[in-house]
*Asks:* 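One structure, pasted below without further comment.
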Number of protein chains: 4
Amino acid sequence: MPSQPEPSPPESRQPDPQRRSERSRRAILDATLDLCAEHGYGPVTVEAIAARAGVSKKTIYRWWPSKGAVVLEALHEAADPVSGFPDTGDLRADLLTQMEALLRGLLGSPRFGRALIGLIADTHHNVELAHGLQTVLFQPRIDDGRARLAKAREAGQISPDADLDLAMELLYGPVYYRLLLHQGDLHGGTELESLVDHALRALAP
Amino acid sequence: MPSQPEPSPPESRQPDPQRRSERSRRAILDATLDLCAEHGYGPVTVEAIAARAGVSKKTIYRWWPSKGAVVLEALHEAADPVSGFPDTGDLRADLLTQMEALLRGLLGSPRFGRALIGLIADTHHNVELAHGLQTVLFQPRIDDGRARLAKAREAGQISPDADLDLAMELLYGPVYYRLLLHQGDLHGGTELESLVDHALRALAP
Amino acid sequence: MPSQPEPSPPESRQPDPQRRSERSRRAILDATLDLCAEHGYGPVTVEAIAARAGVSKKTIYRWWPSKGAVVLEALHEAADPVSGFPDTGDLRADLLTQMEALLRGLLGSPRFGRALIGLIADTHHNVELAHGLQTVLFQPRIDDGRARLAKAREAGQISPDADLDLAMELLYGPVYYRLLLHQGDLHGGTELESLVDHALRALAP
Amino acid sequence: MPSQPEPSPPESRQPDPQRRSERSRRAILDATLDLCAEHGYGPVTVEAIAARAGVSKKTIYRWWPSKGAVVLEALHEAADPVSGFPDTGDLRADLLTQMEALLRGLLGSPRFGRALIGLIADTHHNVELAHGLQTVLFQPRIDDGRARLAKAREAGQISPDADLDLAMELLYGPVYYRLLLHQGDLHGGTELESLVDHALRALAP
DNA sequence: CTATAACCGAGACGGTACGTCGTGTCTTGAT
DNA sequence: ATCAAGACACGACGTACCGTCTCGGTTATAG
């Protein structure tokens with residue numbers, strides 16, 4: 001993921017040398033996503049994460065300021081391999097590929113969707129967390145998408161004065177709309193094609 | 001609000017005659033929205049609601065099963081007068097009016113937006129609450145919107161085989177997208193017109 | 001019981017005409033002793049008494065100031081028929097009769113003993129209750145005992161300068177000692193005879 | 001106190017290493033006796049003990065199962081230094097010394113008497129507590145007393161077939177009788193001498 | 001090749017909120 | 001006016017987590 005040049009833990013305080021135990025870090029992040037998948041974000045507690053990971057609470061609080069920060073890092077790492085915007089030259093196919101991946105990640109796997117919605121909610125009374133979420137998860141993906149569209153614009157595939165932000169909203173809005181309202185009950189891929197087509201129409205030359 | 005034919009309290013258990021104190025009910029709902037506006041949904045506690053409302057915790061738990069249920073009812077009542085889909089004959093104008101009202105309610109007033117996002121998150125580990133949210137808040141408004149579009153279809157203003165559900169997603173998706181991602185930083189009404197126009201294009205004959 | 005000339009409820013406040021329902025009164029007192037027998041004094045609640053008696057809490061609080069007062073009246077009525085000091089002319093036999101009755105009432109029946117010990121404890125932070133307990137339950141019985149001894153003194157059966165108060169303590173002290181320490185495990189009647197004999201020796205001419 | 005060979009905390013559950021904070025333990029026991037002295041046993045709450053001791057409720061419940069258990073340990077520690085049966089060779093003097101100490105402890109100081117009577121009452125619906133009270137407080141002192149009498153018996157100071165249990169009851173019964181009935185209004189030392197003399201008479205060769 | 005300084009597990013600690021229960025007061029309707 | 005029914009404000013219950021804080025015990029460089 002090229003737009004994330006600093007993969008080291010962005011929440012570290014003062015303790016942190018490299019003495020940090022990678023073993024513990026992994027156990028914590030894994031336990032976190034597992035618990036989110038099982039119970040949803042809200043009911044997960046730092047206490048439970050520590051117990052499941054075989055780790056002391058102190059170790060968690062040493063490296064992360066809050067449950068949300070742990071979840072954020074866990075989501076970040078888990079999402080990493082999935083992302084990256086494809087570029088085969090065929091814009092419509094690339095958009096479809098990307099949207100399908102997003103839908104699958106967000107709604108198809110409880111590991112992600114249930115964790116994300118709770119994390120977003122926490123964000124509304126925790127500015128550091130909000131900033132982290134924007135920086136680490138959202139903005140890179142938005143940038144990737146806009147970059148792909150911009151490239152298509154330069155290639156003359158879409159109108160030179162197309163509104164890229166509007167296109168992004170038309171594409172991603174309905175996905176999050178479904179995440180919120182239908183709780184993961186995403187209806188088949190056919191509609192996905194409609195979504196993409198309408199977005200493309202908004203960009204047409 | 002015609003699509004809400006059952007205005008009686010949906011959370012009644014077994015205690016409930018009409019011995020219920022309307023005074024307490026009002027104080028609780030008001031205190032709840034105030035506290036959500038001040039601190040967001042997550043940090044609000046039943047204890048704090050009770051204290052602010054001058055009411056005992058028991059009284060809250062007697063009539064609602066959880067904080068979420070209180071917030072839901074509070075939002076329901078507060079949103080009630082706002083809603084109802086306009087019907088002036090001019091579809092585009094009506095859509096714009098409605099979307100503006102939604103944006104204002106959801107994003108413009110912290111009383112609503114901050115409460116709603118947390119409520120939705122809670123919904124993901126509480127099926128009763130999820131059902132209530134759908135039934136009380138979401139479905140009636142979706143039904144209103146679809147009904148308005150269906151009427152337009154019968155009037156020949158839009159294509160006879162237009163996909164109304166897709167249109168609803170194109171309209172409302174971006175709004176919730178902004179609620180989640182930008183935390184209420186809604187950019188001006190110009191984009192709203194673009195949104196509506198593209199939705200209309202998806203419905204065009 | 002001659003020394004209790006006023007059997008009407010001594011705790012009445014201002015409401016009290018004769019409109020009082022005797023039916024409710026009986027149900028309350030019966031339920032109270034039953035519950036004390038089952039669970040002991042402490043765990044019994046006004047709420048439980050009301051429920052068991054088929055009576056509203058208000059009715060209890062209208063006629064008694066506290067749980068303790070209800071228990072006191074219940075004990076008073078229940079103990080009434082038992083008491084009264086026998087006077088057959090044979091002092092030793094009378095003392096034995098009386099002590100046996102006391103032991104049976106206090107320790108042999110959970111209805112009384114368990115209720116009494118808790119009531120006494122309540123007495124230590126409730127002066128009205130303390131006064132009531134002395135007046136209604138203890139003093140009359142102490143007076144009866146002393147009167148019986150005084151009569152024996154006049155009849156020359158015991159020393160003219162015998163210390164009657166000391167005798168009362170030697171007689172009753174061990175009984176309450178057992179109530180407290182052994183929780184009703186009263187050992188046979190043989191010891192009772194020893195107790196009485198030693199008290200009589202303290203009174204001997 | 002030789003008859004108390006196991007001074008380690010008798011209420012340890014499963015958490016207990018030595019990580020326990022002695023500072024908190026002391027504060028809790030002190031606060032408990034203070035509050036009992038001020039308000040009596042009944043009105044004292046775990047919440048109040050925690051507040052007065054500057055301790056969290058959890059810390060109390062971690063080490064004791066109930067208010068009664070806390071009071072029991074507090075009484076045990078507070079009574080410890082006082083007790084131990086004197087043995088100067090003069091039985092009558094030793095009995096008087098011991099009885100005076102008991103009376104002073106039980107009735108003369110509200111710290112003890114008020115706490116004890118409520119504790120005993122609780123004992124009647126809590127078997128663990130009853131067992132603890134017998135084991136920790138009562139039996140050791142009874143054993144000490146009986147041992148002193150037994151020694152006197154061996155020394156030929158009292159009858160070889162004297163009933164030691166009866167003597168204990170004649171001595172201690174009246175003391176508890178006064179605790180219950182007169183709420184600490186103990187009348188002077190003269191009567192104490194009478195009590196002891198009559199008990200000795202019951203033991204005379 | 002120590003030794004010294006961090007991390008680490010474990011978990012006690014002072015708190016806050018939970019959801020429940022009991023208190024004693026109050027209101028409603030019926031008898 | 002009493003009564004049953006029961007809602008109400010209040011406050012304590014005993015539990016769960018929070019985030020902070022010792023404790024020993026292991027590591028893993030730095031002397």
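Proteins come first, then strands; the chains are lettered A, B, ... in the order of their sequence lines, and each starts at number 1.
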*Asks:* Looking only at non-hydrogen atoms, find the nearest pair between D/F112 and D/A78 and report the distance.
*Replies:*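 Here D/F112 and D/A78 meet closest at CE2-CB, 3.5 Å.
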*Asks:* Taking all non-hydrogen atoms of both residues, which atom of A/K67 and which atom of A/V44 are closest, and how far apart?
*Replies:*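 That would be NZ-O, 3.0 Å.
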*Asks:* Rounding to an integer number of Å, can you tell me how far A/I49 CD1 sits from F/dA16 C1'?
*Replies:*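 It works out to 15 Å between those atoms.
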*Asks:* Can you tell which of F/dC18, E/dC8, F/dC8 lies closest to the side chain of A/V46?
*Replies:*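 Side chain of A/V46 sits closest to F/dC18.
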*Asks:* May I have the distance from C/W64 (atom CH2) to F/dT2 (atom C1'), rounded to whole angstrom?
*Replies:*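 From C/W64 CH2 to F/dT2 C1': 14 Å.
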*Asks:* Is NZ or CZ of D/R20 both nearer than 6.0 Å to the six-membered ring centre of D/W64 and within 45° of the ring axis?
*Replies:*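 Cation-pi check for D/R20 and D/W64: passes.
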*Asks:* Looking at F/dC3, E/dG19, F/dG14, which one has an atom nearest to any side-chain atom of B/Y61?
*Replies:*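 The answer is E/dG19.
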*Asks:* Nearest of F/dA12, F/dC3, E/dC8 to any side-chain atom of D/E47?
*Replies:*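 Among the listed nucleotides, the one closest to the side chain of D/E47 is F/dA12.
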*Asks:* Would you mind reading off the distance between B/D122 atom CG and E/dC18 atom C1', rounded to a whole angstrom?
*Replies:*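 Value for this atom pair: 14 Å.
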*Asks:* Search all heavy atoms of D/A74 against all heavy atoms of D/L33 and return the closest pair with its distance.
*Replies:*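 That closest heavy-atom pairing would be CB-CG, 3.8 Å.
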*Asks:* What is the separation between atom CD on A/E22 and atom C1' on F/dA28, rounded to the nearest whole Å?
*Replies:*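 These atoms are roughly 17 Å apart.
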*Asks:* Please figure out whether D/S66 or B/G54 has its closest DNA chain F nucleotide nearer the 5' end.
*Replies:*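 On the 5' side of the pair lies B/G54.
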*Asks:* Just how far, in rounded Å, is P of F/dC18 from NE2 of A/H125?
*Replies:*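 Value for this atom pair: 13 Å.
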*Asks:* With respect to the side chain of A/R62, which nucleotide from E/dC7, F/dA9, E/dG14 is positioned closest?
*Replies:*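 Minimum distance to the A/R62 side chain belongs to E/dC7.
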*Asks:* Given F/dC3, E/dC8, E/dG14, which nucleotide is nearest the side-chain atoms of A/W63?
*Replies:*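 The closest nucleotide is E/dC8.
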*Asks:* Would you mind telling me which residue lines up with the more 5' stretch of DNA chain E, D/T59 or A/S21, judged by nearest nucleotide?
*Replies:*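 Residue closer to the 5' terminus by nearest nucleotide: A/S21.
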*Asks:* Rounded to whole Å, please give me the gap between CD in D/Q18 and P in E/dA12.
*Replies:*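 From D/Q18 CD to E/dA12 P: 11 Å.
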*Asks:* Could you work out which one of F/dC8, E/dA17, E/dC7 sits closest to the side chain of D/K57?
*Replies:*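 Among the listed nucleotides, the one closest to the side chain of D/K57 is E/dA17.
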*Asks:* For residues B/H39 and A/H125, report the shortest heavy-atom separation together with the two atoms involved.
*Replies:*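 Minimum heavy-atom contact is O-CB, 3.5 Å.
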*Asks:* Identify which nucleotide among E/dC13, F/dA5, F/dG14 has an atom closest to any side-chain atom of B/R19, counting heavy atoms from C-beta outward.
*Replies:*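 My answer, after comparing the listed nucleotides, is F/dA5.
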*Asks:* By nearest atom, which of the nucleotides E/dT27, E/dG9, E/dC7 is closest to the C/K58 side chain?
*Replies:*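 From the listed options, E/dT27 comes nearest.
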*Asks:* Which is more 5' along DNA chain E, the nucleotide nearest A/S56 or the one nearest C/T45? Just name the residue.
*Replies:*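 Counting from the 5' end, the first nearest nucleotide belongs to A/S56.
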*Asks:* Distance check needed: E/dC26 P versus B/R23 CZ, whole Å only.
*Replies:*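 It works out to 15 Å between those atoms.
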*Asks:* Once you round it to whole Å, what is the distance between P of E/dC26 and CD1 of C/I60?
*Replies:*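 Value for this atom pair: 18 Å.
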